[in-house]
Amino acid sequence: MRAAFRESLTAVAHSIIGAPLYRSFAMSRGSWHLPAVHDSVLPCGRQKIGADGGPRQLKRIAGTMFAIVRTGGKQYRVAAGDKIAVEKLAGEAGETITLGDVLLAGVDGALSDHAGITVSAEIIAQAKSEKVVIFKKRRRHNYRRKNGHRQYLTLLRIVSVA
């Protein structure tokens, strides 16, 4: 079952990011990393800066407008072309939504007035996150409870920050 989930996670990541995830055996916990990509400019307004074959390191290209938006109780720094996973939002795959709660906006390091800024995003997919296992135990009382939970997510592609 874990292998099937791992394959589906890799397939979803490959369709969203454009590169499959691989498991790093050098890490003690087996973290997921993005493989190195050999193109210099990525479609999400970022530029690759490390070509050593390790995990992908990105920096933003100068002149790209960014915004910090709040959705689902969390804050995300987004620019046009970015792909993010947020708490479940209403809508079907392919629909365009507007993220209304813009907290900050700017270009490079300079901040601008965020009152008129709108962030529009396209819904890529509705998905579930990895399973979280809750295990409760009280020793010497024959008390063991195992429960699990998978959070619903919405995968978004930021279309524009204007």
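Quick caveat, the model's predicted, so the values are computed rather than measured.
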Query - Transitive ILVMFWY side-chain link Ile84 to Ile123, under 4.5 Å - result: yes
Requested in this report: Indicate if Leu156 and Met65 have the same hydrophobic cluster label, given that clusters are the connected sets of ILVMFWY residues with side-chain heavy-atom separations under 4.5 angstrom.
Outcome: yes
Query raised in the report: Transitively linked via ILVMFWY side-chain contacts under 4.5 Å: Leu89 with Leu153?
Result: no
Query raised in the report: Tell me, do Val119 and Ile158 make a side-chain contact under 4.5 Å, heavy atoms counted?
Result: yes
**Report entry** From CA spacing to verdict: side chain to side chain contact (heavy atoms under 4.5 Å, CB included), Val161, Thr64
**Finding:** CA-CA 9 Å; Val161 178; Thr64 304; over 6 Å; no
Query raised in the report: Going from CZ on Arg138 to CZ on Arg140, what distance comes out if it is rounded to the nearest 0.5 angstrom?
Result: 13.0 Å
Report summary line: Taken in chain and number order and not counting sequence neighbours, the residues that satisfy side chain to side chain donor-acceptor pair (under 3.5 Å) with Ser112 are none
Query raised in the report: Transitively linked via ILVMFWY side-chain contacts under 4.5 Å: Leu99 with Val159?
Result: no
Query raised in the report: For Lys83 and Ile124, what are the C-alpha separation, side-chain angles and deciding distance, and is it a side chain to side chain contact (heavy atoms under 4.5 Å, CB included)?
Result: CA-CA 9 Å; Lys83 295 168 186 164; Ile124 299 171; 4.3 Å; yes
Query raised in the report: Val107, Ile117: one ILVMFWY side-chain cluster at the under-4.5 Å cut-off?
Result: yes
**Report entry** Donor + acceptor pair across side chains of Ser120, Ser160 (<3.5 Å)
**Finding:** yes
Could you tabulate the donor-acceptor pairs under 3.5 Å formed by side-chain atoms of residues 67-76, not counting sequence neighbours?
from: Arg70; atom 1: NE; to: Asp101; atom 2: OD2; distance (Å): 2.8
from: Arg70; atom 1: NH2; to: Asp101; atom 2: OD2; distance (Å): 3.1
from: Lys74; atom 1: NZ; to: Glu87; atom 2: OE2; distance (Å): 2.7

Listing, residues 142-149 side-chain donor-acceptor contacts under 3.5 Å, not counting sequence neighbours, or none:
from: Asn142; atom 1: OD1; to: Arg144; atom 2: NH2; distance (Å): 3.2
from: His149; atom 1: NE2; to: Gln151; atom 2: OE1; distance (Å): 2.9

Requested in this report: Would you mind reporting whether Val102 and Thr118 have side-chain heavy atoms less than 4.5 Å apart?
Outcome: no
Query - Flag side-chain contact, heavy atom, 4.5 Å: Thr154 against Gln126 - result: yes
